[in-house]
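Worksheet for the structure shown next.
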Amino acid sequence: MQVVSARDITERNQSQKALQIKENRRRKQSQTLVQLARSKTFQQGDLNAALREITEAAARTLLVKRVGVWLFNQERSKIECIDLYDVNTKKHSFGNSLSEKNYPAYFQALEEERTIAADDAINDTRTQELSKSYLSVWGITSLLDAPIWLEGRLVGVVCHEHIGEERQWTLEEETFAGSIADFVTLAIEAKERNVVQEALRQSEAQFRAIFERSSIGIGLIDMKAQIVDTNLALCEILGYSREELYGKRFTDYISTQRGDLKLYKQLMSGIHTNLKTTSRVGFQPFKHQKQFVERHRIEMERRCLHQNGRLVWTHISVSVIPANNGEPEFFLAMIEDITERKEIELKLRASQEAAETASRSKSEFLATMSHELRTPLNAIMGLSQLLQQEIVGSLNEKQNEYVNCIYSSGEHLLALINDILDLSKVEADKEELLLSPLPVSDLCNYAIWTVRDRALEKGLQLTCKIDLEEDICIADERRIKQMLLNLLTNAIKFTPAGQVSLVVKKVSQGITFTVSDTGIGIDSNQFQFLFEPFKQLDSRLNRQYEGTGLGLALTRKLARLHGGDVTVTSTLGEGSQFTLFLPNPVDVQTGQDEGDEQDTAATSSPATAQNKIILLVEEEENTAIVLQDYLQTIGYKVKWIDSVNNFLEQVRDLRPNLILLDVQLVGDTNIRDLLNVLKQEPYFPDSQVVMMGFSDLLEEKLSILQAGANDYLLKPIRVVQLESILTRYLSYSGYISGIV
């Protein structure tokens with residue numbers, strides 16, 4: 001009897017077959033992942049190509065109909081499909097989007113789960129929100145979604161979409177889906193890295209192009225002062241090739257100066273100070289590099305040695321390039337050839353020195369001219385004043401006419417000299433203003449009264465209107481009077497008939513003095529020449545109207561010295577308007593011009609000149625004769641000496657009440673020393689010392705007064721000035737002259 005044993009192995013075969021299928025799927029998944037890992041598409045950084053390769057591989061491996069890659073938009077309000085592969089059509093598409101506000105549960109599941117394996121996607125709580133709008137539309141029954149993470153942040157999802165009967169996703173398939181999502185992450189990173197690398201390549205190319213084509217020499221130098229790299233411009237400046245300069249010491253081609261080592265140490269100490277500061281908070285080179293370089297730079301002008309032996313002037317800027325750890329790694333030297341500019345500077349400096357020498361020569365000439373011209377004017381004006389006052393005898397009518405003509409001619413010549421000197425001082429910036437609050441009405445009355453006779457002689461109507469709430473302006477009294485007189489005199493001169501007016505108004509920025517006339521007017525094309533010295537607009541006017549053309553030029557310069565200006569409007573044949581503008585001052589020092597005090601006739605109590613002794617120390621004979629004759633005529637005892645050699649002996653012998661001392665005679669002797677010696681005399685308190693000179697510079701007057709003199713007389717000396725001195729210091733009260 002044969003016994004046959006039979007056993008049912010169907011289940012075992014099915015189990016082995018299932019294991020085989022499972023193993024085949026696992027092997028297929030592994031092969032897919034290996035192929036993706038070896039793909040060169042990722043290295044190229046082409047995201048679209050990489051995503052196409054990933055979705056096709058995932059669809060083949062998992063046997064699903066559709067695989068899509070969805071990424072968040074910039075606002076993270078929705079996910080957008082950037083690649084969707086359809087197995088049936090074998091085509092890729094993009095463009096759909098899902099908003100977070102419409103599918104909150106789905107988006108929350110993406111944030112919280114490694115994968116969303118929805119076997120029944122229609123009823124799964126995580127995906128059922130998508131049923132009507134998406135799943136049912138495409139016939140999707142099962143979903144296997146793997147979130148895409150980048151640097152710890154959810155950036156999208158890979159969707160594996162199964163169409164047909166529901167499908168149960170295995171653990172291996174979920175793991176594979178996660179790996180596919182990781183490959184998408186790698187593709188995104190590769191693209192970003194490729195973008196950065198491309199930008200870096202472009203930046204390096206641009207930098208190299210700038211480096212090579214720059215007209216300024218550029219050198220890269222290591223911390224041992226050795227040249228690492230140079231551009232063409234630097235090679236041309238030094239006359240060497242790049243190969244010849246490589247490895248050489250940079251300082252061998254630059255002329256050094258004392259203090260360069262100190263500059264280098266300051267640069268390096270600044271760097272290390274910065275490193276200590278940044279090390280406390282953690283150094284971030286890319287964030288701080290720009291500021292680091294800007295804060296640590298030295299600039300200097302040095303001469304470089306060219307290969308042919310000539311010296312090239314250069315402007316050198318040296319800054320520091322730090323390494324990633326913040327430590328200094330290179331010096332960057334920017335070198336500009338400034339030889340041409342330097343040569344121009346040297347020529348300009350030579351020209352400036354020549355101009356300054358010429359200016360000094362002009363000043364010396366004007367000072368000499370002032371002295372030489374004013375010296376004979378002393379005699380002309382002094383003697384004519386004595387004759388006018390008939391001190392030495394009566395004059396007939398014709399003689400009076402001649403004397404008046406002599407004196408007025410002297411006044412005219414003196415005014416011309418003063419204008420030239422004033423203009424010279426303003427142009428040389430030697431004019432100083434003594435600003436003070438001044439009554440506008442007094443200034444206008446003075447100016448109108450002074451020119452009144454000239455206007456009456458021509459039959460002109462002369463008017464003045466002051467439209468001010470406060471009758472005060474801030475200016476130098478002598479100079480504003482001079483400016484107003486220049487404008488009024490000019491208007492009267494060029495107005496044959498009609499009227500001349502002075503109108504004063506307050507404006508927002510200051511005050512205006514407008515002088516209007518109905519005269520001959522000015523062509524607008526000639527305005528540019530109005531304020532040029534020594535120029536009249538029409539040569540025919542030189543014969544018809546006297547003048548040098550200095551008045552308007554000086555007036556504008558004085559106005560601008562005040563911070564204001566003079567402007568003009570005019571119509572040819574109808575008249576002109578000149579407007580003097582003075583701004584509101586910020587800071588005003590009050591004071592009073594001494595020159596005007598001297599020109600003002602003083603009043604005093606009656607006194608006598610008897611027994612008053614005056615010592616006159618004057619080198620110029622004609623001036624001394626005029627002063628001596630006049631002073632003796634009005635009752636003073638006068639002793640004249642023409643040097644200071646025996647000055648102190650004369651003072652001791654005469655014990656004068658007043659000493660008139662010429663500044664020029666003091667010479668090398670210091671005025672302060674001379675007056676200090678004089679003060680040692682026991683009788684000195686009874687003596688007054690008045691200096692006489694040609695300079696009307698404020699600082700020189702102040703210097704003389706600070707040295708110990710009682711007063712200062714400006715030559716040529718007018719009778720009214722002299723009488724003012726006599727009244728002030730000798731209580732003189734005689735017939736004070738009205739001559740100005």
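We use all heavy atoms of the structure for the numbers below, so side chains are in, but hydrogens, waters and symmetry mates are not.
- Atoms OG1 and CG, from Thr567 and Leu580 in turn, are 9.0 Å apart once rounded to the nearest 0.5 Å.
- Not counting sequence neighbours, Glu574 has no partner by the salt bridge (charged side-chain N to carboxylate O under 4.0 Å, His left out) test.
- With sequence neighbours excluded, the residues forming a side-chain contact (heavy atoms from CB on, under 4.5 Å) with Thr450 are Tyr446, Leu485, listed by chain and number.
- The side-chain heavy atoms of Thr633 and Gln628, taken from C-beta on, include no pair separated by under 4.5 Å.
- Annotation: side-chain hydrogen bond (donor to acceptor under 3.5 Å, both in side chains) contacts of Asn404 (sequence neighbours excluded): Gln388.
- To the nearest 0.5 Å, atoms CG (Leu558) and CG (Leu582) are separated by 10.5 Å.
- Side-chain contact between Leu552 and Arg556 is absent, with no heavy atoms from C-beta onward closer than 4.5 Å.
- Among residues two or more places apart in sequence or in another chain, the side-chain contact (heavy atoms from CB on, under 4.5 Å) test is passed with Arg454 by Thr489, Ile492.
- The CD1 atom of Ile448 sits 12.5 Å away from atom OG of Ser441, with the distance rounded to the nearest 0.5 Å.
- Between Met692 and Leu616, the shortest heavy-atom distance links the atoms CE-CD1, 4.0 Å.
- The main-chain N or O of Thr623 is never found under 3.5 Å from a side-chain atom of Lys715 such that the two would form a donor-acceptor pair.
- In this structure Arg341 satisfies the salt bridge (charged side-chain N to carboxylate O under 4.0 Å, His left out) test together with Glu301, Glu345, sequence neighbours excluded.
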- Task: Any chance you could lay out the side-chain contact (heavy atoms from CB on, under 4.5 Å) test for Thr555 and Leu487, step after step, and finish with the verdict?
- Result: CA-CA 8 Å; Thr555 300; Leu487 294 178; 4.2 Å; yes
Solution key, residues 638-651 side-chain donor-acceptor pairs under 3.5 Å, sequence neighbours excluded:
from: Trp640; atom 1: NE1; to: Glu618; atom 2: O; distance (Å): 2.7

- Task: Report the C-alpha distance between Met483 and Asn486 in whole Å, list the side-chain angles of each, state the deciding distance to 0.1 Å, and finish with yes or no for side-chain contact (heavy atoms from CB on, under 4.5 Å).
- Result: CA-CA 5 Å; Met483 289 186 284; Asn486 282 344; 5.7 Å; no
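- Checked by atom type, the side-chain pair Tyr729/Asp711 shows a donor-acceptor distance below 3.5 Å.
- Counted by atom type alone, Tyr630 and Glu723 present one or more donor-acceptor pairs between their side chains at under 3.5 Å.
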- Just do the salt bridge (Lys or Arg N to Asp or Glu O under 4.0 Å) check on Glu477 and Lys481 with the steps written out, would you? CA-CA 6 Å; Glu477 183 174 358; Lys481 287 180 178 179; 3.2 Å; yes
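- Among residues two or more places apart in sequence or in another chain, the side-chain hydrogen bond (donor to acceptor under 3.5 Å, both in side chains) test is passed with Thr579 by Thr514.
- Annotation: side chain of Leu713 is in contact with side chain of Ile725 (closest heavy-atom distance under 4.5 Å).
- The closest side-chain heavy-atom distance from Val689 to Leu660 is not below 4.5 Å.
- With sequence neighbours excluded, no residue satisfies salt bridge (charged side-chain N to carboxylate O under 4.0 Å, His left out) with Lys465.
- Not counting sequence neighbours, the partners of Ser570 by the side-chain hydrogen bond (donor to acceptor under 3.5 Å, both in side chains) test are Ser576.
- Gln482 and Arg479 are linked by a side-chain donor-acceptor pair at a separation below 3.5 angstrom, with hydrogens and angles left out of the test.
- Under the 4.5 Å side-chain criterion, counting only non-hydrogen atoms from C-beta, Leu658 is not in contact with Tyr636.
- We find the CG-CD1 distance between Leu730 and Ile614 to be 5.5 Å, quoted to the nearest 0.5 Å.
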- Message: One pair to check against side-chain contact (heavy atoms from CB on, under 4.5 Å): Leu456 and Leu462. What are the steps and the verdict?
- Response: CA-CA 8 Å; Leu456 290 176; Leu462 187 61; over 6 Å; no
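- With sequence neighbours excluded, the residues that form a side-chain hydrogen bond (donor to acceptor under 3.5 Å, both in side chains) with Arg560 are Asp565.
- Two residues are said to be in side-chain contact when any heavy atoms from C-beta on lie closer than 4.5 Å; Phe513 and Ile480 meet this criterion.
- No side-chain heavy atom of Asn445 sits under 4.5 Å from any side-chain heavy atom of Cys464.
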- Message: Checking Ile704 against Val663 for the side-chain contact (heavy atoms from CB on, under 4.5 Å) test, could you report, in this order, the C-alpha distance in whole Å, the side-chain angles of both residues, the deciding distance, and whether it holds?
- Response: CA-CA 9 Å; Ile704 290 172; Val663 174; 4.0 Å; yes
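- At least one side-chain heavy atom of Leu661 sits less than 4.5 Å from a side-chain heavy atom of Leu674.
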Could you go through residues 500-511 and list every donor-acceptor pair under 3.5 Å that involves a side-chain atom there, pairing it with any protein atom two or more places apart or in another chain?
from: Lys506; atom 1: NZ; to: Gly510; atom 2: O; distance (Å): 3.1

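- Every residue was checked against the salt bridge (charged side-chain N to carboxylate O under 4.0 Å, His left out) condition with Lys347, not counting sequence neighbours, and none meets it.
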